[in-house]
> 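So that we are looking at the same thing, I have put the structure below in structure tokens.
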Amino acid sequence: MTQPEDLFKNLISHAKEYGFIFQSSEIYDGLSAVYDYGQNGALLKNNIRQYWWQSMVQLHENIVGIDAAIFMHPTTWKASGHVDAFSDPLIDNKDSKKRYRADVLIEEHVAKIEGKIEKEVEKAAKRFENFDEKMFRSTNARVLEYQKKIDDINARFKNALEKNDLAEVKQIIVDCEIVCPVSGSKNWTDVRQFNLMFSTQLGSVSEEASTIYLRPETAQGIFVNFLNVQKTGRMKIPFGIAQTGKAFRNEIVARQFIFRMREFEQMEMQFFIRPGTQKEWYDKWKETRLSWHKALGISEKKYRFHDHIKLAHYADAACDIEFEFPFGFKELEGIHSRSDFDLKQHEQFSGRKQQYFDPELNQSYIPYVIETSIGLDRMFLAIMASSLKEEKLEDGSERVVLSLPPQLAPIKAAIFPLVKKDGLPEIAEKIINDLKFDYNVTYDEKDTVGKRYRRQDAIGTPYCITVDHESLTDHCVTIRDRDTMKQERVAIDKLKSIIEQKVSLTSLLKKIA
RNA sequence: GCGGAAGUAGCUCAAUUGGUAGAGCUCCAGCCUUCCAAGCUGGAGGUUGCGGGUUCGAGACCCGUCUUCCGCUCCA
């Protein structure tokens, strides 16, 4: 039995060997957690994106798609909370290897001292009958000493944050003799700022330039265009806006192949609804999204829902669709009931109303939002991981086959002349010229036909079509199925409709419509 | 970021205590003309991740660095 670890390694080398995924800038030793899609990977990725896009925009009359810019006004990220949430000062304890937010450590320390004051107050209250708490707090030597400590720390901390002086933040931790709750040691690293957003300069003159960020998520491009789309598209609630695109996060730890990358692509849809209806729409979209996955025919056991117990401040319900990757169940897609948080924030920061007039209720409101957000690269990985198989055949030999959903396969059919003479290549070429307008097809005449079959198996091509000597007279060819390895003799002019049945996205979309 | 393991041809891997960098598959040209990777001939492909050091001599030993995988950590 192959170990999951080996499976994962096989997957990575298979992805490279057959032109699906290369490490970025490999000739310069690579760039950490950045990957390029190769000739087959790009096709597979496009097909996944197209399946998603059509399932959203084409199958739903009330969902439209946009393509927002990666650069956005810097205030966008203040409104969304990313500027604050994505830039914590962090510190590690060298003994316990635990990482903490430096500000939290200091705040906890302050809270501890406050606790001591409360204890003094309690003790005194028991001792004296006519206890004047206010008087005690303002005169008792010990309390005053504690209070001075607190004020000093807070003042220093505030000052350090304002100056962005991380050395001073560390010094505060050292001076306060704060210990690691786990190891109890004071062996700290320096404080470092991890801003998860990539920043760059807008404008060519650096002094006048303002800092802008590469978007850490695509969602905000939809929220800031909410009214544009609603008005110009004459959209009525409930309606959705879909988008696919790159997002960027400067992850501290980015690993596990393309699972967590610094540059990644999201496919997401924000569905705007009437407040109070979020529960029903949340359930509806959970179901809709799962059926999108199921239609691909990947084992249903590999999927599961994981409900968030601890919710983000804006959400009133959230769950992930998790997929069983070679390294365990991990998040593939998120479905979040985001309430009116985002639009409300943008209304506040921009000073522009972000409201919808509901003619049925005859009133205006900020819509609630249900979000579905899936990582395209993760979907790619999920499909690759569940498709790559080593099969033992009846005759004892083995074959490596990538049993991709046929509709997503990079190449739909390969056409071979059984031998490369006697006019067979010419017939093969004619078939290709006929099919290439509808499908991505390929030609191969090298090596034995069996070898050519296996080559196509390795990249997941659903059909191989072989031209033989009989084809010259009967105008038929054999068509060989990737999964069953069965061959069938069919008329050349029937090829298009046979392939169509198996590989068109339509068949997939019909399953979920 | 910490700890562990690893990096040799496109892929999978060899190379005795430090002593001429090799094989299989792949790829290319040709022969053969074959329906499930297996025939024949020839060929290409490498500053052993990169940079230093020790040595008469380094793929191997030492230091640094980059990258990857695993665990911890982190994660809207």
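In what follows, chains are A, B, ... by sequence order, proteins preceding strands, each numbered from 1. Values reported hereafter were calculated over all heavy atoms of this structure, with side chains retained and with hydrogens, waters and symmetry mates removed.
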> Counting only Watson-Crick or G-U wobble pairs whose two distances fall under 3.5 Å, which nucleotide matches B:C40?
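WC or wobble partner is B:G30.
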
> What's the gap between B:C2 and B:G10 when it is taken at their P atoms, as a whole Å value?
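Between the two P atoms, the distance is 32 Å.
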
> Compare the minimum distances between each of B:U67, B:A38, B:C70 and the side chain of A:T448, then state the nucleotide with the smallest one.
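Within the option list, the nearest is B:A38.
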
> P atom, B:C25 versus B:A37: distance in rounded Å?
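Nearest-Å result for B:C25 against B:A37 at atom P: 15 Å.
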
> B:G1 pairs with which nucleotide, Watson-Crick or G-U wobble, both distances below 3.5 Å?
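Pair assignment: B:G1 / B:C72.
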
> Say we look at B:G53 and B:A14: how far apart would their C1' atoms be, to the nearest angstrom?
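It comes out at 28 Å once rounded to the nearest Å.
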
> Look at the aromatic rings of A:H346 and A:F223 and report parallel, tilted or perpendicular, splitting at 30° and 60°.
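It falls in the tilted class, 30° to 60°.
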
> More 5' along RNA chain B: A:R399 or A:I258, using each one's nearest nucleotide?
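Result: A:R399.
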
> A:L402 has an atom CG; how far is it from atom P of B:A37, in whole Å?
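Checked: the CG to P distance equals 19 Å.
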
> Give the nucleotide from the list B:G10, B:C36, B:C27 with an atom nearest to the side chain of A:M485.
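Of the candidates, B:C36 comes closest.
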
> Compare the minimum distances between each of B:C69, B:C11, B:C28 and the side chain of A:K9, then state the nucleotide with the smallest one.
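Between B:C69, B:C11, B:C28, the one nearest the side chain of A:K9 would be B:C69.
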
> Between the side chains of A:Q456 and A:Y463, is a donor N or O closer than 3.5 angstrom to an acceptor N or O?
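No, no side-chain donor-acceptor pair sits under 3.5 Å.
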
> Let me know the distance between OH of A:Y18 and C1' of B:U12, rounded to the nearest Å.
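My rounded result for the distance is 12 Å.
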
> Send over the distance from A:H14 NE2 to B:G10 C1', rounded to a whole Å.
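Checked: the NE2 to C1' distance equals 14 Å.
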
> Side chain of A:E217, heavy atoms from C-beta onward: which of B:G10, B:U26, B:A76 has the nearest atom to it?
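Out of B:G10, B:U26, B:A76, the nucleotide with an atom closest to A:E217's side chain is B:A76.
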
> So, under a plain 3.5 Å distance rule, would you say the side chain of A:T478 forms a donor-acceptor pair with the base of B:C35?
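Check passes, donor-acceptor contact within cut-off.
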
> What integer distance in Å separates A:L393:CG from B:A38:P?
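Taking CG of A:L393 and P of B:A38, I get 14 Å after rounding.
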
> Please produce a list of atom pairs where a protein N or O lies less than 3.5 Å from an N or O of nucleotides 39-45 of chain B.
none

> Taking CZ from A:F259 and C1' from B:C74, how many angstroms apart are they, rounded to a whole number?
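After rounding, the gap between these two atoms is 13 Å.
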
> Picking from B:A37, B:C70, B:G10, which would you name as closest to the side chain of A:E17?
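The nucleotide sitting nearest to the side chain is B:G10.
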
> With hydrogens left out and only the distance checked, is there a donor-acceptor pair under 3.5 Å joining A:R249's side chain and the base of B:C75?
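No, no donor-acceptor pair under 3.5 Å.
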
> Out of B:C70, B:A37, B:U67, which has the shortest distance to the side chain of A:Q23?
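Between B:C70, B:A37, B:U67, the one nearest the side chain of A:Q23 would be B:U67.
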
> So which nucleotide does B:C11 pair with, by the Watson-Crick or G-U wobble rule with both distances under 3.5 Å?
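Checking every strand shown, B:C11 finds its partner in B:G24, with both distances under 3.5 Å.
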
> Between B:G24 and B:G45, how many Å separate the two C1' atoms, rounded to a whole number?
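Those two atoms are separated by 15 Å.
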
> Indicate, with a heavy-atom threshold strictly under 4.0 Å, whether A:F416 touches base, sugar-phosphate, or nothing.
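Here A:F416 touches no strand at all.
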
> So, does A:K420 get its side chain near the phosphate of B:U33, meaning an N or O under 4.0 Å from OP1 or OP2?
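Checking A:K420 against B:U33: no side-chain N or O falls below 4.0 Å of OP1 or OP2.
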
> Check if the side chain of A:Y28 and the base of B:C50 share a donor-acceptor pair of N or O atoms closer than 3.5 Å.
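No such pair is found, so the answer is no.
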
> As a test of reading the structure: which of B:C36, B:U33, B:U67 is closest to the side chain of A:K421, going by heavy atoms?
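Among B:C36, B:U33, B:U67, the one nearest the side chain of A:K421 is B:U33.
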
> Between A:K451 and B:A38, is there a side-chain N or O to OP1/OP2 distance below 4.0 Å?
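The answer is yes; a side-chain N or O of A:K451 sits under 4.0 Å from OP1 or OP2.
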
> On the ring face of A:F305, is A:K286 found with NZ or CZ under 6.0 Å from the centre and within 45° of the axis?
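Yes, A:K286 sits over the ring of A:F305.
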
> Using Watson-Crick or G-U wobble geometry with both distances under 3.5 Å, which nucleotide pairs with B:U65?
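Base-paired to B:G49.
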
> Crowded around A:K284 NZ? As in, over 12 foreign heavy atoms under 6.0 Å?
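Yes, enclosed.
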
> Using OP1 and OP2 only, check whether a side-chain N or O of A:R455 sits under 4.0 Å from B:C27.
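So the side-chain polar atoms of A:R455 do come within 4.0 Å of the phosphate oxygens OP1 or OP2 of B:C27, strictly under.
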
> Is there a Watson-Crick or G-U wobble partner for B:U16 with both distances under 3.5 Å, and if so, which one is it?
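By the stated definition (distances under 3.5 Å), nothing pairs with B:U16.
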
> How far, in whole Å, is B:A44 from B:C50 if one measures between their C1' atoms?
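Each nucleotide's C1' atom is 26 Å from the other's.
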
> Could you tell me the separation between the CG atom of A:D474 and the NE2 atom of A:H469, rounded to the nearest 0.5 Å?
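Between A:D474 CG and A:H469 NE2, I get 12.5 Å after rounding to 0.5 Å.
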
> Of all the nucleotides listed (B:C69, B:C70, B:C75), which has the minimum atom distance to the side chain of A:R260?
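Selected nucleotide: B:C75.
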
> Provide the distance between the two P atoms, one in B:C31 and one in B:U68, to the nearest whole Å.
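Straight-line distance between the two P atoms is 46 Å.
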
> Using atom P in both nucleotides, what's the gap between B:U16 and B:G59 to the nearest angstrom?
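The answer is 12 Å between these two P atoms.
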
> Let's see if you can work this out: which of B:C70, B:C35, B:U33 has an atom nearest to the side-chain heavy atoms of A:Q256?
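Taking heavy atoms from C-beta onward, the closest nucleotide is B:C70.
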
> Which is it for A:E488 and A:K494 under the salt bridge (Lys or Arg N to Asp or Glu O under 4.0 Å) test, yes or no, and what are the steps along the way?
CA-CA 12 Å; A:E488 208 184 326; A:K494 290 263 168 58; over 6 Å; no

> Please report, rounded to the nearest Å, how far the C1' atom of B:G10 is from the CG atom of A:N40.
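From A:N40 CG to B:G10 C1': 15 Å.
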
> Whom does B:G57 pair with, Watson-Crick or G-U wobble, provided both distances fall under 3.5 Å?
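The base-pairing partner of B:G57, which may sit in any strand shown, does not exist here.
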
> Ignoring the backbone of A:Q487, work out which of B:C36, B:C11, B:C69 is nearest its side chain.
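The listed nucleotide nearest to A:Q487's side chain is B:C36.
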
> Taking the P atom in each of B:C27 and B:G52, what is the distance between them to the nearest angstrom?
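Each nucleotide's P atom is 37 Å from the other's.
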
> Hey, would you say the A:F327 and A:F325 ring centroids sit under 6.0 Å apart?
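Yes.
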
> Please check if atom CD in A:Q39 has more than 12 non-hydrogen atoms from other residues, nucleotides or ligands closer than 6.0 Å.
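Yes, the 6.0 Å shell around CD holds more than 12 heavy atoms from other groups.
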
> Can you say whether the rings of A:Y37 and A:F380 are parallel (under 30°), tilted (30 to 60°) or perpendicular (over 60°)?
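Judged by the thresholds at 30° and 60°, the geometry between A:Y37 and A:F380 is perpendicular.
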
> Would A:F323 and A:Y303 count as a close aromatic pair, with their ring centres under 6.0 Å?
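Yes, close enough.
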
> Would you mind checking if A:K430 and A:D434 are paired as a salt bridge, meaning a charged N to carboxylate O distance below 4.0 Å?
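No, this pair does not count.
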
> Given that A:D422 and A:D447 both sit by RNA chain B, which one's nearest nucleotide is further toward the 5' end?
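Its nucleotide being nearer the 5' end, the pick is A:D447.
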
> Taking any heavy-atom pair under 4.0 Å as a contact, classify A:D468: base, sugar-phosphate, or nothing.
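Base contact - A:D468 has a heavy atom under 4.0 Å of at least one base atom.
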
> Need one value for A:A33: base, sugar-phosphate or nothing, where a base atom within 4.0 Å counts as base even if backbone is also close, heavy atoms only.
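Sugar-phosphate, no base atom in range.
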
> Nearest-Å distance, CD (A:E390) to C1' (B:U12)?
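Atom-to-atom, A:E390 to B:U12, this comes out as 12 Å.
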
> Figure out the CD1/P separation between A:I222 and B:A76, and round it to whole Å.
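For the pair A:I222 CD1 and B:A76 P, the rounded distance is 20 Å.
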
> Remember a base hit wins even if backbone is also touched, and classify A:E26 as base, sugar-phosphate or nothing at under 4.0 Å, heavy atoms.
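No contact.
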
> Does A:D444 come within less than 4.0 Å of A:R452, counting only side-chain N to carboxylate O?
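Looking at A:R452 together with A:D444, the answer is no, because their closest N to O distance does not fall below 4.0 Å.
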
> Any side-chain N or O of A:S13 less than 4.0 Å from the OP1 or OP2 oxygen of B:U12?
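It does, given that an N or O in the side chain of A:S13 lies less than 4.0 Å from OP1 or OP2 of B:U12.
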
